[in-house]
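All remarks here apply to the structure that follows.
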Amino acid sequence: MDAVVGKLERLSPADERVIGWLDRFEAALSARDAAGAAELFSETCFWRDLVAFTWNITTLEGRGAIRDMLAAQLGAAAPGSFTLEEPASEADGVTEAWIAFETATLRGRGYLRLKGEEAWTLLTAARELKGFEEPGGPRRERGVHHGVEPGRRSWSERRRDEEAELGRTRQPYALVVGGGQGGIALGARLKRLGVPALIVDKHDRPGDQWRSRYKSLHLHDPVWYDHLPYLPFPDHWPVFAAKDKVGDWLEMYTKVMELNYWSRTEVHSARYDESAAEWVVELTRDGERLTLRPKQLVLATGMSGVPNLPHYPGMERFAGESHHSSRHPGGEAYRGKRAVVIGSNNSAHDICADFYENGADVTMVQRSSTHIVKSDTLMELALGGLYSEEALAKGITTDKADMLFASVPYRIMHEFHVPVYEQAKVRDADFYARLEKAGFRLDFGDDGSGLFMKYLRRGSGYYIDVGASDLIADGKIKLAHGKVQEIAEDAVVLDDGTRLPADVIVYATGYGSMNGWAAKLISQEVADRVGKCWGLGSDTTKDPGPWEGELRNMWKPTRQDALWFHGGNLHQSRHYSLYLALQLKARMEGLDTPVYALAETHHAA
């Protein structure tokens, strides 16, 4: 701890408490005393590890789980050099501190919470691999050779060579299927780490995933939450960017970060060649059939899987237009038409508002209760402490905010969120009263924990209000309730006999699990072996148990060798792409990566 003592002018009691704990912890680890290290944690405790100790993303709950992990991993990890990075803080009986550490193969950063002299929560996160550090800051390349160089090739010529070779004369180590924000963020991480990676996507240009959506779409999350790795949005960027603006940023990003990106590319199939330890991927690029043989395959098709298009009786005889919400072109063509939107989540609300703004007569079919939170309320009460101008002014950078967010174990995260939504109910009581008077069925999650827990548990069942709720409360968006019994030639018929005349039907009915893409591209057998993606096993609505402790299959090893899933919102794409990239780099370089607690498969979909 000498380096820390030298940095801090004066140690506070909180600093001394943290330093003392770290010294005892490191001594136990150095002695390979797994039981002794576990005893330094409180009886109710959580250790969340992002790749650093487990080569996995996992949360250990309780001393026994911590002891077992350390007994299995200490020999390979050889951790040490635990230090306090900056002054500790103390409030409400909890001491909190940023820490740094090393293992045999990597350098890490973490966040520690003590109750008294014992650890309550510990986050350990891999940050860089020793010997394979990113070439940033003082490690940046010179970019030019000063001197005479016969046959010198320019940067643009070298870049063209790379683009021409990868996927043809040279195989990518990693193939990333999906070129939205997730695939692009991961591609940037891999590029910086020197991993030959190729991103493939069916759209014409990077960013078309956003440009092709309905005209009114904007980000629902604020700008501070949405930065991509390495290149934050400029400080004049709007709080909620328009979808075309986001698309343009993504396209620019792929160029500036020099990503190898194949647009107009459709993947037909993939199979894992066990003997060669590589994938055989059949695809078509601009009409040309090609076979790639990457060592690692990443499905970065977003948090959502294949669009969930329901099969209602009579759908085939509907005389008007119908489509899934993912294919909604915008409401301009439907002025004066009767529109029915089946569903009541984010997309359903946005599309209903879009229809209304374009002069359609629109009805929303609410099949089950929905959580609503006003955008301003969400920003101020839930996100503002970490992601806002105020947070930045307090020294909470995007990286710190991401780490703080990650430091709260999922098992107890709902306890942090319930008070937020209790405040929201009071703050926006009139708003909620108007919605309920209009007949809208509200909820705040099974346990009152609100939006983000619903997002983590099931990825659906909520709307961040940016205006559509007022239209519902005022009766401008009509509201119907119930299950769809059938689709008639000119109407949607509900199970209570209600008939909703329609010229256009939008099925805002969500998406299946991401392993649906594995079934489509690889096989149903592999999809079932991997199992359901997303969800925590909370045994709440649409998130069946048993408890997983982490999001199923995301950014970590799966039950299929060399198959990975990457997705989520912009925040998750930014933060968790680092850990996935480090896992891929370590395997490419032949480092020992003993995976601890590879998740069991409990649900096929």
Side-chain angles (χ1 to χ4, degrees), residues 46 91-92 94 121 219-222 224-226 239-240 303 343-350 364 366-388 390-391 396 401-402 404-470 472-473 479 510 534-543 547 551 568-572:
F46 307 89
D92 301 323
V94 178
T121 74
L219 290 179
H220 284 198
D221 295 321
W224 308 279
Y225 190 72
D226 292 335
V239 175
F240 302 105
M303 184 203 79
S344 56
N345 297 337
N346 261 336
S347 292
H349 278 81
D350 282 352
M364 174 189 288
Q366 187 180 25
R367 299 171 297 163
S368 59
S369 64
T370 309
H371 172 58
I372 308 291
V373 61
K374 291 175 73 70
S375 177
D376 288 348
T377 299
L378 182 68
M379 281 203 300
E380 292 178 30
L381 299 184
L383 293 176
L386 295 180
Y387 300 97
S388 65
E390 292 76 18
I396 302 176
D402 289 348
L404 286 168
F405 206 102
S407 73
V408 179
Y410 289 129
R411 174 72 82 173
I412 58 174
M413 185 175 282
H414 67 284
E415 297 174 13
F416 288 71
H417 286 262
V418 169
V420 170
Y421 292 95
E422 289 298 321
Q423 284 182 267
K425 290 177 186 178
V426 173
R427 169 182 165 139
D428 298 324
D430 291 344
F431 167 76
Y432 289 122
R434 289 175 59 228
L435 273 176
E436 289 182 322
K437 185 177 180 181
F440 195 88
R441 296 171 181 169
L442 290 165
D443 72 56
F444 284 81
D446 288 15
D447 54 6
S449 57
L451 184 140
F452 199 72
M453 295 311 301
K454 265 200 164 188
Y455 170 72
L456 292 170
R457 291 165 173 170
R458 53 184 281 191
S460 65
Y462 53 83
Y463 168 58
I464 302 173
D465 178 47
V466 292
S469 290
D470 281 329
I472 293 171
L479 193 61
W534 209 260
L536 301 170
S538 62
D539 205 23
T540 57
T541 304
K542 295 191 177 181
D543 184 26
W547 178 248
L551 288 171
N569 58 30
L570 281 156
H571 153 250
Q572 291 168 311

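Put simply, the side chain of Ser469 does not reach to within 4.5 Å of the side chain of Phe440, judged on heavy atoms. The shortest distance between side-chain heavy atoms of Tyr463 and His220 falls below 4.5 Å. Contact check for Arg427 versus Glu380: side-chain heavy atoms found under the 4.5 Å cut-off. Between Thr121 and Pro409 the shortest side-chain heavy-atom distance falls below 4.5 Å. Looking only at side-chain heavy atoms (C-beta outward), Asp350 and Val466 come within less than 4.5 Å of each other. Looking at heavy atoms from C-beta onward, Asp221 lies in side-chain contact with Asn569 at the 4.5 angstrom threshold. No side-chain heavy atom of Asp465 sits under 4.5 Å from any side-chain heavy atom of His349.
Counting only residues at least two apart or in different chains, ring-ring contact (aromatic ring centres under 6.0 Å, His included) contacts with residues 407-428 comprise His371-Tyr421.
Residues meeting the side chain to side chain contact (heavy atoms under 4.5 Å, CB included) test with Thr540, sequence neighbours left out: Asp446, Arg457, Ser538, Asp543.
How far NZ of Lys374 is from CG of Asp470: 5.5 Å, rounded to the nearest 0.5 Å. Distance check, rounded to the nearest 0.5 Å: OG of Ser368 to CG of Asp443 gives 8.0 Å. Within the model, atoms CG of Asp428 and OG1 of Thr377 stand 3.5 Å from one another, a figure rounded to the nearest 0.5 Å. Between atom OH of residue Tyr462 and atom OG1 of residue Thr370 there is a gap of 12.0 Å, rounded to the nearest 0.5 Å. Annotation: the span from Arg458 atom CZ to Asn345 atom CG amounts to 7.0 Å, rounded to 0.5 Å. Note: Leu383 CG to Leu378 CG = 4.5 Å, rounded to the nearest 0.5 Å.
Annotation for Tyr432 and Ile372: closest pair OH-O, 2.8 Å, computed over non-hydrogen atoms. For the residue pair Leu456 and Gln572, the shortest heavy atom distance occurs at CD2-NE2, 4.0 Å. Residues Ala438 and Ala473 come closest through the heavy atom pair CB-CA, 3.9 Å. In plain terms, the two heavy atoms of Ala348 and Gly343 that are nearest each other are CB-O, 3.2 Å. Shortest non-hydrogen contact noted between Val418 and Asp447 is CG2-O, 3.5 Å. Pairing each heavy atom of Leu386 with each of Ile396, the nearest pair is O-CG2, 3.9 Å.
In this structure, Trp224 contributes its side chain and Val239 its backbone to no donor-acceptor pair below 3.5 Å. The backbone N or O of Arg441 lies less than 3.5 Å from a partner atom in the side chain of Gln366, making a donor-acceptor pair. Using a distance-only test at 3.5 Å, with no hydrogens or angles considered, no donor-acceptor pair links the side chain of Asp92 to the main chain of Val94. The backbone N or O of Ile464 sits less than 3.5 Å from a side-chain atom of Asn346, completing a donor-acceptor pair.
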* Check step by step if ring-ring contact (aromatic ring centres under 6.0 Å, His included) holds for Phe452 and Phe405. => CA-CA 12 Å; Phe452 199 72; Phe405 206 102; 5.0 Å; yes

* Kindly indicate, with the supporting measurements, whether the criterion side chain to side chain donor-acceptor pair (under 3.5 Å) is fulfilled by Asp402 and Tyr387. => CA-CA 9 Å; Asp402 289 348; Tyr387 300 97; 2.6 Å; yes

* To do: Walk me through it: do Leu570 and Leu219 pass the test side-chain contact (heavy atoms from CB on, under 4.5 Å)?
  => CA-CA 10 Å; Leu570 281 156; Leu219 290 179; 3.9 Å; yes

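The only option from Lys454, Met453, Glu422, Lys425 that meets the side-chain contact (heavy atoms from CB on, under 4.5 Å) definition with Phe444 turns out to be Lys425.
Within a 6.0 Å sphere centred on NZ of Lys542, other residues, nucleotides and ligands contribute 12 heavy atoms or fewer.
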